[in-house]
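Below is one structure, written out as structure tokens; comments come after it.
Lettering of chains follows the sequences in order, A, B, ..., and the numbering in each one begins at 1.
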There are 2 protein chains.
Amino acid sequence: MNSAATALQTTDEPSETGAQQIRDAIRDAIVERRLSPGTKLSESDVGNLFNVSRTLARAALQALSYEGLVSVEKNRGAFVAYPSPDEARQIFAARRLIEPGILREAAARITTSEIQHLRQLLLEESRLIGERGQTARRAEIKASGDFHLALAEISGNAIMQRFMEELVARSSLVIALYGQSTISSCGHNEHGDIVSAIEAKKLDRACDLMVHHIAHIEADLDLRERKGQGLKEAFDL
Amino acid sequence: MNSAATALQTTDEPSETGAQQIRDAIRDAIVERRLSPGTKLSESDVGNLFNVSRTLARAALQALSYEGLVSVEKNRGAFVAYPSPDEARQIFAARRLIEPGILREAAARITTSEIQHLRQLLLEESRLIGERGQTARRAEIKASGDFHLALAEISGNAIMQRFMEELVARSSLVIALYGQSTISSCGHNEHGDIVSAIEAKKLDRACDLMVHHIAHIEADLDLRERKGQGLKEAFDL
DNA sequence: GCGCAAATAATCGTATACAATTTGACCGCA
DNA sequence: TGCGGTCAAATTGTATACGATTATTTGCGC
């Protein structure tokens, strides 16, 4: 049983309704970076971990591959996705393209209670930034994505929401691979500024802030090809 | 063997590489409207049709459910998706949100040969409009979507391309359900106008045309709840 | 000691088998 | 005739089994 095994086990109830449980568990593990890009996820191992047959494990991995979080190679197995620099650029290009539109939709139909909910999320987020420890770090990662997802949910379009879920999750992978600073939320409270702009009905400004926010995250990346991921390049400096 | 069976069989080579073959075949059948929304796709039937086991049939149906073309209900089976009016609105809202951005990306990096390719598609499309017969009609449906997909491909963003593939396919389902006129391509050659605008480097105009084009398609729909799909409402007029 | 080939082990691809759930029918009864 | 319940058929959910492909290791010759 490899390192992936220890990283996964979260609760002890193995199979409740089906393969979705497993899919969600693995997805969380990937997004929270308990599973590193490139980690092998063999069907047998996954099945044993959750005490289900390979059939269900396979279904879960299959599902994750549709979301771009896992790449399955024919006759070789499934691996936590290892997005190329080009893929990373495409992910952020997609976010720059989509998120302003979502923001506009969301702003148009947002209620005061939803604004309050957003502020709640922001508070939680900054609280986590203050704390230290692995679990706090993981929660922070998730929280920073949850803000964008909350906006998508407010927009009321389930399809766009699903697209955003995929993009945010894959972004987490990209940051894990190419991120330089400890975490993207550097200094400024950009999420907070966006909420303020929404509240002030300054839509154009909110969109600007959003685009720049995404650009900032991307600017923190070092998008250079890492060939063997620690092969020879790791030693000859 | 029900009506779904006759609608599916397209080639006689049953299983070549795996479940993807089946998924693609069924997807084509749905998009080309050989399969009507609501049609039951039982795992055994699909498997028998393609001479594979239920395992592969199930995988294919599962995949299609991720694309929103098939809805699987626990312990009840898989059905060709029957999008609700609200879902339909969300699909077109998503397209209005996404396609202008794709158009801008595409216009920025389009080459002369790609423009030629687009014009080729347009020619093919108008040729099909002229012809008559079921097969021509089906080809026309596919062609009208292919224009939007070609644009997405030119944009160079594989992720957005995949999103568009899903949206176009689901649009086909919506039109099959709620469309009023024989087909959306009414009179005007809106696709052609968009290409011309791109060629003339009039980006804003091209985006405007695109948004209106999508609005026109949506305007041709009669988005009213058909509850039982022909239940009581079908009789008391 | 080193490289190459063949055997071995591990893993995936697909099919089949069995259990669980749902659906529809049949039958008795008010 | 209409209603409720029990049973049977059909279909899905999950597990297991077997064949195919790929990776690894062993062993041999050099």
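- Salt bridge status for B:Lys142 with B:Asp28: present, with a side-chain N to carboxylate O gap under 4.0 Å.
- Following rounding to the nearest Å, A:Asn51 (CG) and D:dG13 (P) show an atom-to-atom distance of 21 Å.
- At a threshold of 4.0 Å, the pair B:Arg127-B:Glu124 counts as salt-bridged, since one of the basic side-chain nitrogens sits closer than that to a carboxylate oxygen.
- Using a 4.0 Å cut-off between a side-chain N of Lys or Arg and a carboxylate O of Asp or Glu, A:Arg137 and A:Glu140 qualify as a salt bridge.
- Listed by residue number, the members of residues 57-73 of chain A with any heavy atom below 4.0 angstrom from DNA chain C are A:Arg58.
- In this structure, the separation between CZ on B:Arg58 and OG on B:Ser65 is 10.0 Å, given to the nearest 0.5 Å.
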For nucleotides 16-22 of chain C, print each protein N/O atom paired with a nucleotide N/O atom at under 3.5 Å, atom names and distance only.
unit_1, atom_1, unit_2, atom_2, d
C:dT16, O4, B:Thr55, OG1, 3.3

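- With rounding to the nearest 0.5 angstrom, the CG atom of B:Leu103 is 13.5 Å from the CD1 atom of B:Ile98.
- Note: B:Leu167 CG to B:Leu97 CG = 10.0 Å, rounded to the nearest 0.5 Å.
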Distance-only donor-acceptor hits, side chain of residues 73-81 of chain A, under 3.5 Å, sequence neighbours excluded:
unit_1, atom_1, unit_2, atom_2, d
A:Glu73, OE1, A:Arg76, NE, 3.0

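- B:Leu41 has its CG atom 14 Å from the C1' atom of D:dT12, to the nearest Å.
- Atom CG in A:Asn48 sits roughly 11 Å away from atom P in D:dT16 (whole-Å rounding).
- The ring-ring contact (aromatic ring centres under 6.0 Å, His included) contacts involving residues 19-47 of chain A comprise nothing, where partners must be two or more places apart or lie in separate chains.
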Between the protein and nucleotides 5-7 of chain D, are there any N/O to N/O pairs under 3.5 Å, and if so, what are the atom names and distances?
none

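- At least one side-chain heavy atom of B:Glu166 sits under 4.5 Å from a side-chain heavy atom of A:Phe163.
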Please table the atom pairs, donor to acceptor, closer than 3.5 Å between any side-chain atom in residues 146-160 of chain B and protein atoms at least two apart or in another chain.
unit_1, atom_1, unit_2, atom_2, d
B:His148, ND1, B:Arg95, NH2, 3.2
B:His148, ND1, B:Glu99, OE1, 2.8
B:His148, NE2, B:His191, NE2, 3.2
B:His148, NE2, B:His213, NE2, 3.2
B:Ser155, OG, B:Ala152, O, 2.6
B:Ser155, OG, B:Asn157, N, 3.4
B:Asn157, OD1, B:Ile159, N, 3.0
B:Asn157, OD1, B:Met160, N, 3.2
B:Asn157, ND2, A:Gln90, O, 3.1

